[in-house]
**Q** 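Sharing a structure below in C-alpha cells format, with a few things to ask.
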Amino acid sequence: MKYCFLLFLIYSSASIAVGQTISTTEWTRFIPSESIPASISCRSSNNNLDVIRFKDNYYVAFRTAPTHFASKKTVIYIISSADLKSWKKETEFFVNADMREPRFIEFNNQLHFYFFEGGTKMFKFEPKHIWNSRLTDTGWTAKIKTNLDGFVNWRFRTYNNQLYLSAYYGVNLYKNDHQADLRLFTSENGIQFTPISKEPQISTKGAEEGEFIFDKSGNLWSTVRLEGSGSYLCFASKDSIDKWHTTFSKLKYDSALMFEKGEDIYLVSRRHLKGNATEVEVPDKKQRRKNLLRYSFSKKVTALFKINKEKMEIEHVMDFPSTGDTAFPGIASIDEHTFYLLNYSSDINKRSKIWIGGQLGKTYIYQTKLIIK
C-alpha cells in the first residue's frame with residue numbers, strides 16, 4: 001500500500017511554486033535490460049553512473065560488479081544512443097581493481113570521460129588514480145592518468161570556457177587521523193589539474209562528495225557530504241569562488257547531483273528516512289561510529305530537492321521510487337522542460353530494504369523523463 005501511494009505521488013506531479021509543476025514518466029529498468037547491447041555482461045551490482053548529451057547522441061557510463069563494494073572484477077561500460085531507445089556499446093574499462101565515479105564533461109568541443117581506480121579489498125576504500133579518456137573520430141582513446149593520485153573526482157563543470165573539478169582526498173578517509181581536503185581544481189587540458197587556492201575549500205573532518213554548480217551570474221553553489229555527520233550547503237561569490245561559505249544541516253545528502261532549470265537550482269540525492277544523520281557538525285570518535293552504523297542499518301530513498309537561495313536551505317520536493325542501495329543519479333537535458341534522469345536502486349517492485357541490505361544484493365539502473373514546467 002505504501003508503495004502504491006508513492007507511485008501515485010510520483011506519477012501525478014508535485015507543485016512547488018505558483019504555476020510550476022514537476023512530474024516524471026514511469027520509472028523503468030534500463031540496466032540490465034534488452035535495450036542495451038547483448039555484448040555487455042552485467043553483474044549483480046549496477047550502480048555508479050553518468051549521462052551526457054553530446055552533439056547528436058546521449059552517452060551513458062555505468063559500473064557493474066559483484067556487489068556495491070570494491071572488487072577486482074569491476075567493469076565500467078560506455079554506451080550511446082541517438083534516440084534513448086536503441087543503444088550501442090562504445091567501450092569498456094577494466095583495471096583488475098575497483099572503479100567508481102564515472103564522469104563525462106564536454107570541454108573544448110571534446111567529450112572527456114573520467115573515473116577513479118580503487119583497490120581490491122572488499123571493505124576498504126582505497127582511491128589510487130583518476131583516469132581520463134577522450135572521444136575522437138576513431139573512438140575512445142586509451143586511458144591517461146591525471147596528476148591527482150589519492151583524490152576522488154566528484155563533479156566536472158565548465159564555466160566561461162574553463163574546466164573545473166571538485167575532488168576530495170580519499171586515502172584513509174575512514175581513519176580518525178584523516179585530514180579532510182576537499183578542493184576545486186582547474187585544468188587547461190583535462191589531464192593536469194591545479195587547485196584554485198593554497199588552502200582547501202572545505203577541511204571539516206569527513207568532508208567529501210563536493211557537488212557544485214555555477215548559477216547564471218557565475219556564483220558557485222555546492223553541497224558537501226560530511227561522512228559520519230550531516231552536510232553543508234555552500235555558497236561562493238563569483239569574485240572569490242575559492243571562499244566557500246557554509247551552512248550546516250543535520251541531514252545528509254549522499255550522491256548529490258545539482259542541475260539548473262532557468263534561475264532555479266535543483267538537487268537529486270539520497271534521503272535518509274530516519275531523518276537527521278547527526279546532531280553535531282563534528283562528532284567525536286564514538287558518536288561518529290554510532291552515526292555510521294545507524295545510517296547503514298536504516299532505509300533510504302532517492303529524492304528531488306530545491307535550493308532556497310534566500311534562506312540558504314535545501315527544500316524537499318518529492319521522493320522517487322527507490323529502496324535499499326540507491327542514489328547515484330545522472331541527468332541530461334532533452335528539451336526546455338524535459339530531462340533524461342537515471343538512478344540506481346535495489347528492486348523498486350519488491351519490499352523496501354535497509355541500505356546495507358541493498359549493498360550486498362542486486363541493484364539496477366532505472367530511467368525516467370523528468371518534466372519541470
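All residue numbers refer to positions in the sequence shown, counting from 1.
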**Q** Using a strict 4.0 Å threshold on nitrogen-to-oxygen distance, state whether R155 and E211 make a salt bridge.
**A**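 E211 and R155: salt-bridged.
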
**Q** Do other residues, nucleotides or ligands put more than 12 heavy atoms under 6.0 Å from Q162 CD?
**A**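 More than 12 heavy atoms, drawn from other residues, nucleotides or ligands, come within 6.0 Å of this atom.
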
**Q** Looking at T204 and A207, would you say the former's side chain and the latter's main chain have a donor-acceptor pair under 3.5 Å?
**A**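 The answer is no, because no donor-acceptor pair under 3.5 Å joins these two groups.
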
**Q** Please check if atom NZ in K128 has more than 12 non-hydrogen atoms from other residues, nucleotides or ligands closer than 6.0 Å.
**A** yes

**Q** If you measure from the Lys or Arg side-chain nitrogens to the Asp or Glu carboxylate oxygens, is any gap between R103 and E101 under 4.0 Å?
**A** no

**Q** Find out whether I371 and I22 are in side-chain contact, i.e. whether some heavy atom of one side chain is under 4.5 Å from a heavy atom of the other.
**A** no

**Q** Looking only at the side chains, is there a donor atom on one of N57 and S80 sitting less than 3.5 Å from an acceptor on the other?
**A** no

**Q** How about NZ on K369, more than 12 heavy atoms from neighbouring residues, nucleotides or ligands closer than 6.0 Å, or not?
**A**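 No, because the 6.0 Å sphere around NZ of K369 holds 12 heavy atoms or fewer from other groups.
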
**Q** Salt bridge (Lys or Arg N to Asp or Glu O under 4.0 Å) with K252: which of E227, E208, E209?
**A** E227

**Q** Kindly list each side-chain donor-acceptor pair under 3.5 angstrom involving residues 352-362, sequence neighbours excluded, with atom names and distances?
**A**
{"residue": "S352", "atom": "OG", "partner": "K299", "partner atom": "NZ", "Å": "2.9"}
{"residue": "W355", "atom": "NE1", "partner": "D325", "partner atom": "OD1", "Å": "3.3"}
{"residue": "Q359", "atom": "NE2", "partner": "H68", "partner atom": "NE2", "Å": "3.2"}

**Q** Please report the closest heavy-atom contact between W87 and P37, naming both atoms and the distance.
**A** O-CG, 3.5 Å

**Q** Give the minimum heavy-atom separation between F115 and M99, together with the two atoms involved.
**A**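 Result for this residue pair: CE1-SD, 3.5 Å.
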
**Q** With distance as the sole test, does S187 use its side chain to make a donor-acceptor pair with the main-chain N or O of L163 at under 3.5 Å?
**A** no

**Q** Whether the side chain of S71 engages the backbone of K73 through a donor-acceptor N/O pair (distance < 3.5 Å, no angle test) should be reported.
**A** yes

**Q** Using a 4.5 Å cut-off on heavy atoms from C-beta on, say whether the side chain of F339 contacts that of F259.
**A** yes

**Q** Identify the heavy atoms of T247 and M312 that sit nearest to each other, and give their distance.
**A** OG1-CE, 3.6 Å

**Q** Nearest heavy-atom pair of G119 and A70: which atoms, and what distance?
**A** O-CB, 4.1 Å

**Q** Would you check if the side chain of N219 reaches a backbone N or O of K238 as a donor-acceptor pair within less than 3.5 Å?
**A**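 Yes: the side chain of N219 pairs with the backbone of K238.
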
**Q** Does atom CG of D284 have more than 12 heavy-atom neighbours from other groups under 6.0 Å away?
**A**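 Yes.
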
**Q** Determine which pairs satisfy ring pair (Phe, Tyr, Trp, His ring centres under 6.0 Å) with at least one residue from residues 140-162, sequence neighbours left out, and list them in order.
**A** Y114-F156, F151-Y169, F151-F185, W154-F328, Y159-F214

**Q** Under a 4.0 Å threshold between the charged nitrogen and the carboxylate oxygen, would D264 count as salt-bridged to K306?
**A**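 Salt bridge: yes.
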
**Q** One pair to check against side-chain hydrogen bond (donor to acceptor under 3.5 Å, both in side chains): S81 and D83. What are the steps and the verdict?
**A** CA-CA 6 Å; S81 173; D83 58 6; 3.1 Å; yes

**Q** Does a sphere of radius 6.0 Å around CG in D56 hold more than 12 heavy atoms from other residues, nucleotides or ligands, not counting ones at 6.0 Å or beyond?
**A** no

**Q** Search all heavy atoms of D347 against all heavy atoms of N349 and return the closest pair with its distance.
**A**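 So the two residues come closest at OD1-N, 2.9 Å.
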
**Q** Does any N or O in the side chain of T338 come within less than 3.5 Å of the main-chain N or O of I334, such that one atom is a donor and the other an acceptor?
**A** no

**Q** Ring centres of Y366 and W27 under 6.0 Å apart?
**A**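 Centroid distance Y366-W27: not below 6.0 Å, so no.
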
**Q** Considering only NZ, NE, NH1 and NH2 on the basic side and carboxylate oxygens on the acidic side, decide whether E263 and K216 come within less than 4.0 Å.
**A** no

**Q** Using only heavy-atom distances, determine whether the side chains of E90 and Y59 contain a donor-acceptor pair under 3.5 Å.
**A**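 Their side chains do not contain a donor-acceptor pair, so the 3.5 Å distance test is not met.
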
**Q** For K88, does the NZ atom sit with more than 12 other heavy atoms under 6.0 Å from it, leaving out its own atoms?
**A**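 Incorrect, the count does not exceed 12.
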
